[in-house]
Amino acid sequence: MALAIALVVIVVATVVFHFASPWWFTPIASNWGLLDDTILITLAITGAVFVAVNLFIAVAIVRFRHRAGHRAAFEPENRRLEGRLTLLTTAGIVAMLAPGLYVYSQMIAAPADAAQVEVLGQQWQWRFRFAGTDGRLGRTDVRHVSADNPFGLNADDPHGRDDVLVASPELHLPLDRPVTLLLRSHDVLHNFYVPQFRVKMDLVPGLVSRFWLTPTRAGRFEILCAELCGLAHYNMRGHVVVEDEAAFRAWLAAQPTFAAVR
Amino acid sequence: MSDDDLHAGPHGFWTRYVWSQDHKVIAIQYGLTAIAIGLVALVLSNLMRLQLGFPGAFAFIDPASYYQYVTMHGMIMVVYLLTALFLGGFGNYLIPLMVGARDMVFPFLNMLSYWIYLLAVLVLVASFFVPGGPTGAGWTLYPPQAILPGTPGTEWGIVLMLVSLVIFIVAATMGGLNYVTTVLQARTHGMTLLRMPLTVWGIFVASILALFAFPALFVSGVMMLCDKLLGTSFFMPAIVSMGQPLAHAGGSPVLFQHLFWFFGHPEVYIVALPAFGIISDLISTHARKNIFGYRMMVWAIVAIGGLSFVVWAHHMYVSGMNPYFGYFFATTTLIIAVPTAIKVYNWTLTLWRGDIHLTVPMLFAIGFISTFVIGGLTGLFLGNVSVDIPLSDTYFVVAHFHMVMGVSPVLAVFGGLYHWYPKITGRLLDERLGKLHFWVTFLGTYAIYMPMHYLGFLGMPRRYYAYEGYEFIPASAQDLNAFITVAALVVGVVQLVFLFNLAWSLRHGRHAGANPWGATTLEWQTPDTPPRHGNWGAALPEVHRWAYDYSVPGAARDFIPQNVPQEAGVGAEGPAWEGHA
């Protein structure tokens, strides 16, 4: 009996906690509002099942707890009931999977006009690189990495000479312009994560990973590492500043090119 | 050797309790070793929580030791405690007794399996005492960081961890072959596969999964050892580490992740399926009602086991793998929710119109359903590729996997121990202490993990030593972390009550008799309690019915053991698919 009460209390406490909790998603700053919607759909469906199952058990305990002379029913199976529950579950799954995959199809298809920015991670700092006036990022290789060439740019590649190198861990992005982030690492796995953007992706040495977004809210947001990358993983800080086009252009113009730092 | 000698068993202390080939003794050895190393994991988790709840208050917890606690806690819980306890402990004790065999089919191999497991545990423990300490790479041991400077324990710790895992897999393979062969070959007369208790089904399929999944971990462990010790490049691309170019080139860190999770996801079900089985039998026995939809339950176990091999990359949605994989793995992952949901429905429908005895094992069984449901439901967020991306690597994941494969399997372990302890020792565990243990553990784990999901929604990343100076995290999150830590400490301490109960009841518990719960399955029908060497005395039991003849209409008692002939169960109408010869 106490268990039935406990289950009801857990359900009520969880629902109250959900609506009273000050801990919730940060206000979104990217175009991925659809993701938030999909999470809410999932939360509604799974929340309903959580409440239903726990309350069902509570009712069963109250109604069918042992009493003298009481005897259980004998019902090995009920194909109709099992079939219906399977169908209902399948419908719930489809209701979550379909929007999930729809959003995903958009997440992995960057628009043709998306700008490209490279994010370079290393224990334990962030660097960023923009294509220069030629609009193309220069080739890189780990073999070229040195103290004065932290990006490992190939000095023989003309496309690299005008690349804009951001040595500080602060990235600026223009508001409302789609951008693809190309992620590279020279040492270990990292993960580029800005909570307000919602999207995140690992940086993997040996390959270039990517994701895209459109920043939709001006402001200064924190960049975190979300893949355990060693002792200072929790302290691999950076910032991304989302600002209007003019401010962004001014900031970018103030950053040195590869040719200038060589 | 005459038949009598065989059943009398060995006489000396050493052959009886140490170098024993009796599955029951080996089960207890496995169980006690697993619980002992599990206590280490419990202490480590509380140390972690101290740092998170009261950052900086404990000077000895620096980032290196914090990450070592994280790593060792995870690996111990998943592999050395839960896998070993469910298969080596419950599997060893219950399979021969439940299928009516005298022992495992390969008793010597069984003994070897335990001692090799113990060796694996000792190598693991040794890593706490080597220069640099144990590895702090996280239990996933992702390269390159697992073997590069910047991560704790990259000199000795990671080597010992990998060696220990390889040794463990040798032990698990010996055990697994034994369990599978015993179920297939040593069932007593009348024990058809579809008359086996679901506990045996769960452990049987989990053992098959282990035999197929652990080799992936084995090869990845061997390859990483080669990368570390011989300078090969299986998982190592060209790297500049701490300013130094390394000799590695051409390897793939993502390949390791594929291998790891090809093992790692079935591993979830290696732990979950035995728990499913145990819970099914506990619910049925203590609700005095047949398990609802037995055949569906069996097929669900088989389907989940099969599907568990094609969902692994849902752990890798943000790993940089080909993004098109996401469609496939999200779909397979959400499909697996259907047979899993069926299991939950059938447990709750077994309670419905039952005669529910709220014994301590039953409390834990119902607690399992509740915690498993929340853990399973949050899995639908993380399995659904796009929804996973904001939540991946946050505290939502921590809350999810602790509910689904930490708390709920551990509740199943406890339920199972309270249930079978009387068979193992002849005495019942103390009920009042058991209830105290249940209530604090059950409510405490909700207090720990329910709010933790919301820290994940907020975006707090996991595996952080400290969260100072992050503006997006409100100060109140620290208060919540302190609350969670207090709850975790309380839950940690109450486990001592359980340990005390285990020891105290051995001598002072109420005498249980042969079948204290009125259960139908064969282990409760042994001629002796605890069962002697050879289990069944002169003659093996003969099975005449399924494992769930509870409250059969017309029968005198509310249960009919499996070895009672059909005609004796007056008016019995078994399930429709059972022949009534």
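Side-chain atoms are counted along with the backbone in the values below, which use heavy atoms only and exclude waters and symmetry mates. It should be emphasised that the depicted structure is a prediction, and the values quoted were computed from it without experimental measurement. Chain letters run A, B, ... following the sequence lines, proteins first and then strands; every chain starts at 1.
- Cation-pi geometry between B/Arg353 and A/Phe74 is not met at under 6.0 angstrom from the ring centre and within 45 degrees of the axis.
- Looking at A/Arg63, only its side chain comes within 4.5 Å of chain B, counting heavy atoms on both sides.
- The closest donor-acceptor contact from the side chain of A/Glu82 to the backbone of B/Met296 lies at 3.5 Å or more, if one exists at all.
- When the options A/Ser185, A/Pro205, A/Cys229 are evaluated for a side chain to side chain contact (heavy atoms under 4.5 Å, CB included) with B/Pro144, the one that passes is A/Pro205.
- With no hydrogens or angles considered, a side-chain donor-acceptor pair links B/Ser370 and A/Asn54 at under 3.5 Å.
- What you find for B/Arg557 and A/Arg71 is that their closest heavy atoms are O-NH2, 2.9 Å.
- Annotation: A/Trp23 is not in aromatic contact with B/Phe457 [ring centroid separation under 6.0 Å not met].
- Of all heavy-atom pairs between B/Asn290 and A/Ala73, the closest is ND2-O, 4.3 Å.
- Nearest heavy-atom pair across A/Leu35 and B/Val387 is CD2-N, 4.2 Å.
- Residue contact with chain B, scored on non-hydrogen atoms closer than 4.5 Å, involves the backbone and the side chain of A/Ile61 alike.
- The two residues B/Tyr470 and A/Asn235 come nearest to each other via the heavy atoms OH-CA, 4.0 Å.
- Between B/Tyr67 and A/Tyr234, the angle of the ring planes lies from 30° to 60°, which puts this pair in the tilted group.
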